[in-house]
Amino acid sequence: MSNRKFTEEELVASLKNGDQHALSFLYDNYSAALFGVIVRIVESQENAEDVLQEVFVKIWKNIFSYDKSKGKLYTWLINIARNTAIDSLRVKGHKIKSQIQSLDNSVHSINKQYNTAIHPDHIGLKSLVNKMKPEHKQLIDKLYFEGYTQEEAAEELNIPLGTVKTRARAAISQLREIFIVKETVK
Amino acid sequence: MNSKEYISSGILESYALGSATPVERKEVEKYTTMYPEIKSELDEIEKAMNMYTTQHSIEPPSYLKEKVLAKIIGVANTTSSNANPVIRSINEPTQQSKSNFSYWSIAATFLLLISATFAVYFGVKNSTLDNSVSTLVKTNTALSDSIKSISSNLAQMQNDMAILKDPMYKIVELKGLKAAPEAKAMVCWCPTDKKVYVEIYKLPPAPQGMQYQLWAIVDGKPVSEGMLTLGNGLHAMKDVDNAQAFAVTLEKEGGSPTPKGDMYVMGTI
């Protein structure tokens with residue numbers, strides 16, 4: 001029973017019904033992705049675990065407000081994780097901008113604490129992602145994982161606001177190409 | 001509005017990266033419902049970002065799942081709002097197994113009733129049997145007692161009969177005297193082995209502190225034969241040699257060396 005599989009639509013419907021199988025399935029299939037996002041943002045194991053709990057409670061409470069016409073479930077879930085993680089830093093009085101510690105270092109150190117479970121299918125993709133231009137990756141990580149506003153990113157990276165916008169678009173275009181390549185290779 | 005220009009403005013990427021301003025967000029959400037090409041572009045961007053996110057997956061510690069689920073169940077249970085879904089347990093039976101459950105519960109109830117009926121029936125029966133057994137035990141004890149008593153009486157009677165039938169014994173009838181004319185007793189005496197037995201047929205009850213005493217008259221002198229005890233049958237008394245008569249007097253309790261009280265019965269050989 002617990003191995004039951006859900007399509008995305010079934011999953012949402014079942015969650016709205018309060019089905020614990022669905023909740024379990026949701027956790028099994030999305031917690032690693034959400035936790036990865038959270039760890040990147042909060043940089044502490046204890047906080048990351050607390051935030052993950054909070055995220056699942058939020059998902060549970062707000063599943064009724066999820067509207068599939070507005071986007072994929074995955075996007076919605078990731079946004080909740082991102083926002084919750086960023087909020088938790090603000091609550092704790094962190095200044096996002098003053099995070100001096102380099103992102104790569106912090107993620108590296110946290111990754112050591114967990115058994116990072118990279119799906120074998122993702123390994124090739126990961127190396128492709130690593131082929132991204134460093135300035136593209138850096139900007140996306142600042143905006144996406146660290147919740148910087150474009151203004152903050154511009155200031156932090158010492159580039160004009162207009163460059164932030166064009167670079168972000170270029171970075172995502174590159175990502176899309178990488179994934180298209182990956183799908184073609186498949 | 002030119003959707004191509006909108007797409008190339010980078011605002012969709014900002015939206016997907018979460019760095020769009022609230023005003024921009026509202027605008028994007030509005031245009032995606034109006035322009036399918038904007039919607040599909042945003043979908044592609046989000047798909048790319050989702051793939052990117054997946055690359056950063058970190059498996060949470062295994063203990064966290066239970067914690068998270070427990071917390072959600074706790075939240076669900078403390079929330080009274082109907083808008084929130086009620087947690088259904090993984091083990092909770094589905095609708096079909098619910099009806100199975102009621103089938104089984106009916107069957108179980110039925111079996112329970114049957115077994116309870118048997119339990120009561122056998123319980124009652126058992127206690128009845130217990131009562132019967134204890135009655136039988138009582139009866140048996142009573143019978144056994146009366147058999148003991150009968151056999152004891154029979155032994156006494158056989159003993160008495162043996163004496164009475166024995167030609168060696170002299171039967172002496174003791175008749176009532178002035179003090180109690182109705183009184184009557186009997187003595188059996190064997191001159192050869194000197195044994196003496198007495199049976200009282202009738203004597204007035206001895207007053208408090210007094211007791212009847214049997215005497216043998218030997219050569220004109222009374223010799224104490226012992227104190228009389230009540231009861232049926234022959235009672236053995238002291239051996240005596242060469243007696244001519246027997247008599248019973250009323251003496252003080254414990255007897256006296258020589259007769260002092262009234263004589264009640266007497267018989268000569």
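Residue numbers begin at 1 in each chain, while the letters A, B, ... track the order of the sequences.
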Task: Toward chain A, the part of B:Thr53 with a non-hydrogen atom under 4.5 Å - done: both
Nearest 0.5 Å please: distance from the [atom1] atom of [X] over to the [atom2] atom of [Y].
{"X": "A:Arg40", "Y": "B:Ile58", "atom1": "CZ", "atom2": "CD1", "answer": "8.0 Å"}
{"X": "A:Tyr144", "Y": "B:Glu13", "atom1": "OH", "atom2": "CD", "answer": "13.5 Å"}
{"X": "A:Thr75", "Y": "B:Asp43", "atom1": "OG1", "atom2": "CG", "answer": "8.0 Å"}
{"X": "A:Glu152", "Y": "B:Ser19", "atom1": "CD", "atom2": "OG", "answer": "10.5 Å"}
{"X": "B:Leu69", "Y": "A:Gln53", "atom1": "CG", "atom2": "CD", "answer": "10.0 Å"}
{"X": "B:Glu44", "Y": "A:Ile172", "atom1": "CD", "atom2": "CD1", "answer": "12.0 Å"}

Answer yes or no: does atom [atom1] of [X] have more than 12 heavy-atom neighbours from other residues, nucleotides or ligands under 6.0 Å?
{"X": "B:Met161", "atom1": "CE", "answer": "no"}
{"X": "A:Lys58", "atom1": "NZ", "answer": "yes"}
{"X": "B:Met210", "atom1": "CE", "answer": "yes"}

Between [options], the one whose heavy-atom pairs under 4.5 Å with chain B are most numerous:
{"options": "A:Leu52, A:Val55, A:Val37", "value": "A:Leu52"}
{"options": "A:Gly36, A:Ser173, A:Ala153", "value": "A:Gly36"}
{"options": "A:Leu34, A:Asn79, A:Ile140", "value": "A:Ile140"}

Open item on the list: Measuring only between side-chain heavy atoms, which start at C-beta, is A:Gln150 closer than 4.5 Å to B:Thr21?
Closed with: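 No, too far: nothing below the 4.5 Å cut-off.
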TODO: Taking the side chain as every heavy atom from C-beta outward, state whether A:Arg169 and B:Leu12 have any pair of such atoms under 4.5 Å apart.
DONE: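 Side-chain contact under 4.5 Å: no.
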Open item on the list: Which heavy atom of A:Ser31 sits nearest to which heavy atom of B:Pro60, and what is that distance?
Closed with: OG-CG, 3.7 Å
Task: Trace of the side chain to side chain contact (heavy atoms under 4.5 Å, CB included) decision for A:Asp141 with B:Tyr52 - done: CA-CA 10 Å; A:Asp141 288 346; B:Tyr52 186 67; 2.7 Å; yes
Task: Criterion side chain to side chain contact (heavy atoms under 4.5 Å, CB included) on B:Lys67 and A:Phe56, from CA distance to verdict - done: CA-CA 11 Å; B:Lys67 246 173 126 178; A:Phe56 272 92; over 6 Å; no
Task: Whether A:Arg176 side chain and B:Lys47 backbone form a donor-acceptor pair below 3.5 Å - done: no
TODO: Assess the side chains of A:Tyr74 and B:Thr54: does a donor N or O sit below 3.5 Å from an acceptor N or O?
DONE: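 On atom types as modelled, these side chains qualify, holding a pair under 3.5 Å.
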- [ ] Evaluate the criterion side chain to side chain contact (heavy atoms under 4.5 Å, CB included) for residue pair B:Glu66 and A:Tyr27; output intermediate values, then yes/no.
- [x] CA-CA 10 Å; B:Glu66 209 163 305; A:Tyr27 188 92; over 6 Å; no
Open item on the list: Report which part of A:Ile78 has an atom under 4.5 Å of a heavy atom belonging to chain B: side chain, backbone, both, or neither.
Closed with: side chain
Task: Working for side-chain hydrogen bond (donor to acceptor under 3.5 Å, both in side chains), residues A:Lys165 and B:Ser9 - done: CA-CA 8 Å; A:Lys165 292 186 188 221; B:Ser9 73; over 6 Å; no
